[in-house]
Amino acid sequence: MTTELRRLRNYIDGEFRDAADGRTTEVVNPATGEPYATAPLSGAADVDAAMAAAEAAFPAWRDLVPGERQKALLKIADAFEARAEELIATESENTGKPIGLTRDEEIPPMIDQIRFFAGAARMLEGRSAGEYMEGLTSIIRREPVGVCAQVAPWNYPMMMAVWKFAPALAAGNTVVIKPSDTTPASTVLFAEIIGGVLAELGHPQGVFNVICGDRETGRLMVEHSVPAMASITGSVRAGKQVAESASKDIKRVHLELGGKAPVVVFEDTDIPKAVEDISVAGFFNAGQDCTAATRVLVHESIHDEFVSALAKAAAETKTGAPDDEDVLYGPLNNANQLAQVTGFIDRLPAHAKVEAGGHRVGDKGFFYAPTVVSGLKQDDEIIQNEVFGPVITVQTFSDEQQAISYANGVEYALASSVWTKDHARAMRMSKALDFGCVWINTHIPLVAEMPHGGFKKSGYGKDLSAYGFEDYTRIKHVMTSLG
């Protein structure tokens, strides 16, 4: 007996549509490894239609007073809250994530972030008007950039979509967003919810559009003549391609491209607490988090004790089906990602030691065991490159300067953490670490009010916070003669 696959569709100008040429891709549930839906494989005609809808809707949305955009975003947040269980079920099937964790760890911050940007819509700031030349008054206008082409990743499909559309809409832009080809379901549900709110309030439907597709669809979006800005969360390779494509007509680009977060553990650390917190921050979401605590640097004097405790914590950490309430994380997102993680472990150098895990779990779905690898050197592949799986590596250092050298000695620069009871040392490290975020005696908490974004090959631009909001605006100087 075969189960009929669910049919996902694009959302363009308030209508659900198939791809113009009828092409589709299968969408696989990572927890089972089986397809459960089809989604459009959008081409040039679909991108043209979505961009035309967003462009047509832009003037009316831009010209609303901020309080009206705030009202719409608050209603969207309320609608998400009212349909939370539906969003949770969709995202769990979309990603294989545990239902309980999705309910507790994703829905509340998503809704809070939408409400934060609803408030930010009315808090645009700039230099005060004044006379900076005799007889002339200058004022600053902060305006929306226009249509935004946005590409969201598969590791947090719901949350990353919120990080993109909420500040863009709050600032007065219109949006065409593409979810990953492996996780389109929750973004399509977003379209239904947001479209309903826009219709209820009498706003143009083209304010928010969703098109499904693959990497080629994303390229068509970025290279399209209509968008003024391209925003992507993804791999360094994808970011380079977006920046290159956007350069052809000098589009503004917002890139969040991954990380290799150092977790620097000094000898005065409370080891049991650090191990507990780091293991959760490293294995949460199967390590598929750009800020995951997966690269531990531990002082040589406590190395053995720390590694032993971390390996025990890994052995006690469970992965499993979405409806199992006793698991920390679900499967890797797709078969390619399972192969990537497996490949890193298979290629470990002889001096490395697998302290825990290092293998697939079961033969159904894309589950991988919580893994700890010790004995690693700074130039090892697994230290330099992003694994994006439930794998925590451990290196040793002898002093503060070596810790800084090792921590900064990768091409990524998104997030980091320092574990010590010495306040002065923590402050020195927070200055020296070349990362967009430094946590002290914690790792991974995010709040709507504070920026998320990195340096170097982790990209540029900020998500969340007033800084992320301002990324979706442009500055205009207006000068008038008093004579």
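Source: prediction; values computed, not measured.
- Applying the 6.0 Å contact sphere to CG of Asp346 captures more than 12 heavy atoms from other residues, nucleotides or ligands.
- Formation of a donor-acceptor pair under 3.5 Å by the Thr371 side chain with backbone atoms of Gly358 is found in this model.
- Taking 4.0 Å as the cut-off between side-chain N and carboxylate O, Lys260 and Glu411 do not count as a salt-bridged pair.
- Residues satisfying the side-chain contact (heavy atoms from CB on, under 4.5 Å) test with Arg69, not counting sequence neighbours, are Trp61, Leu64, Pro66.
- The ring-ring contact (aromatic ring centres under 6.0 Å, His included) search around Phe388 returns Trp154, not counting sequence neighbours.
- Judged by distance alone, the side chain of Gln288 and the main-chain N or O of Asn285 form a donor-acceptor pair under 3.5 Å.
- When only modelled atom types and interatomic distance are considered, Asn10 and Ser42 share a side-chain donor-acceptor pair under 3.5 Å.
- Looking at residues two or more places apart in sequence or on another chain, you find a side-chain contact (heavy atoms from CB on, under 4.5 Å) between Asp289 and Tyr156, Thr291, Ala292, Ile444.
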Q.
Between Gln395 and Val298, is the side chain to side chain contact (heavy atoms under 4.5 Å, CB included) condition met? List the steps.
A. CA-CA 6 Å; Gln395 299 165 261; Val298 62; over 6 Å; no
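- Using modelled atom types and a 3.5 Å distance limit, the side chains of Asn94 and Thr183 yield no donor-acceptor pair.
- Between Lys240 and Glu244 there is no salt bridge, since no side-chain nitrogen of the basic residue lies less than 4.0 Å from a carboxylate oxygen of the acidic one.
- A salt bridge does not link Glu256 with Lys462: every distance from a Lys NZ or Arg NE/NH1/NH2 to an Asp or Glu carboxylate oxygen is 4.0 Å or more.
- Asn385 places a side-chain heavy atom less than 4.5 Å from the side chain of Phe344.
- Ring-centre distance between Trp419 and His443: not below the 6.0 Å cut-off.
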Q. Would Met123 and Phe469 count as a side chain to side chain contact (heavy atoms under 4.5 Å, CB included) if you check the C-alpha gap in whole Å, the side-chain angles of each, and the deciding distance to 0.1 Å?
A. CA-CA 10 Å; Met123 292 294 289; Phe469 180 51; 6.0 Å; no
(Q) Walk me through whether Phe80 and Phe190 qualify under ring-ring contact (aromatic ring centres under 6.0 Å, His included). (A) CA-CA 8 Å; Phe80 276 28; Phe190 276 15; 4.6 Å; yes
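- Two residues are said to be in side-chain contact when any heavy atoms from C-beta on lie closer than 4.5 Å; Leu328 and Lys318 fail this criterion.
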Q: Begin from the C-alpha positions of Ser186 and Glu91 and carry the test side-chain hydrogen bond (donor to acceptor under 3.5 Å, both in side chains) through to its verdict.
A: CA-CA 6 Å; Ser186 53; Glu91 187 74 336; 2.7 Å; yes
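- Listed for the Ser279 side chain is a donor-acceptor partner under 3.5 Å among the backbone atoms of Glu276.
- Side-chain atoms of Ser235 come within 3.5 Å of backbone atoms of Ala238 as a donor-acceptor pair (strictly under, hydrogens ignored).
- Asp471 and Tyr460 are not linked by any side-chain donor-acceptor pair at a separation below 3.5 angstrom, with hydrogens and angles left out of the test.
- Under the rule for a side-chain contact (heavy atoms from CB on, under 4.5 Å), the partners of Ser430 that lie at least two apart in sequence or sit in another chain are Met427, Val438.
- Using cut-offs of 30° and 60° for the angle between ring planes, the Phe208 and Phe165 rings count as perpendicular.
- Under the 3.5 Å distance criterion, the side-chain polar atoms of Asn209 are left unmatched by any main-chain donor or acceptor of Ala53.
- Asn408 contributes a side-chain N or O that, together with a main-chain N or O of Asp434, makes up a donor-acceptor pair within less than 3.5 Å.
- Every side-chain contact (heavy atoms from CB on, under 4.5 Å) that Lys251 has, sequence neighbours left out, goes to Pro227, Ala246, Asp249.
- Annotation for Gly454 and Leu414: closest pair N-CD1, 3.5 Å, computed over non-hydrogen atoms.
- Across every non-hydrogen atom of Thr95 and Pro30, the tightest pair is O-CG, 3.4 Å.
- Side-chain atoms of Arg142 and Thr473 form a donor-acceptor pair, as typed in the model, at a separation below 3.5 Å.
- Proximity of Leu338 to Tyr368: side-chain heavy atoms (C-beta onward) are separated by under 4.5 Å at one or more points.
- Side-chain N/O atoms of Gln337 and Asn334 include no donor and acceptor closer than 3.5 Å.
- Side-chain contact between Ser180 and Pro153: absent, with no pair of heavy atoms (C-beta onward) separated by less than 4.5 Å.
- Glu355 and Ser374 form a side-chain donor-acceptor contact under 3.5 Å, judged by distance and modelled atom types alone.
- Checked against ring-ring contact (aromatic ring centres under 6.0 Å, His included), His224 has no partners two or more places apart in sequence or in another chain.
- The two residues Ala44 and Leu220 have their closest heavy-atom pair at N-CD1, 3.6 Å.
- When the shell of 6.0 Å around NZ of Lys431 is examined, it contains 12 or fewer heavy atoms from other residues, nucleotides or ligands.
- Pairs of residues two or more places apart, or lying in two chains, never qualify as salt bridge (Lys or Arg N to Asp or Glu O under 4.0 Å) while including a residue from residues 436-449.
- Few gaps surround CD on Glu143; more than 12 heavy atoms of other groups in view lie less than 6.0 Å from it.
- Judged purely by distance below 3.5 Å, without hydrogens or angles, the side chains of Ser231 and Lys164 pair a donor atom with an acceptor atom.
- Annotation: ring-ring contact (aromatic ring centres under 6.0 Å, His included) contacts of Phe16 (sequence neighbours excluded): Tyr11.
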Q.
Applying side chain to side chain contact (heavy atoms under 4.5 Å, CB included) to Gln205 and Glu15, what does each step give before you reach the verdict?
A. CA-CA 9 Å; Gln205 284 290 299; Glu15 296 179 353; over 6 Å; no
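- Among residues two or more places apart in sequence or in another chain, the ring-ring contact (aromatic ring centres under 6.0 Å, His included) test is passed with Tyr329 by none.
- Counting only distance, with no hydrogens or angles, the side chain of Ser416 and the backbone of Cys437 share a donor-acceptor pair below 3.5 Å.
- The salt bridge (Lys or Arg N to Asp or Glu O under 4.0 Å) contacts involving residues 376-395 comprise Arg347-Glu381, where partners must be two or more places apart or lie in separate chains.
- Across every non-hydrogen atom of Ala293 and Ile392, the tightest pair is O-CG1, 3.8 Å.
- Ion pairing between a basic and an acidic side chain is recognised when a charged N comes within 4.0 Å of a carboxylate O; Arg17 and Asp46 show no such pairing.
- Sorted by first then second residue, the side chain to side chain donor-acceptor pair (under 3.5 Å) pairs that include residues 167-179, not counting sequence neighbours, number zero.
- If you check the side chains of Asn333 and Thr182, you find a donor sitting under 3.5 Å from an acceptor.
- Sorted by first and then second residue, the salt bridge (Lys or Arg N to Asp or Glu O under 4.0 Å) pairs involving residues 183-196 (not counting sequence neighbours) are Arg83-Glu192.
- Of all heavy-atom pairs spanning Pro98 and Val327, the tightest one is CG-CG2, 3.7 Å.
- Between the side chains of Thr38 and Glu26, no donor-acceptor pair of N or O atoms lies under 3.5 Å.
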Q: Using the side chain to side chain contact (heavy atoms under 4.5 Å, CB included) rule, take Thr294 and Thr393 through it: C-alpha gap first, then chi angles, then the decisive distance, then the call.
A: CA-CA 6 Å; Thr294 55; Thr393 63; 5.9 Å; no
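- The shortest non-hydrogen separation linking Ala57 to Gly206 is CB-C, 3.5 Å.
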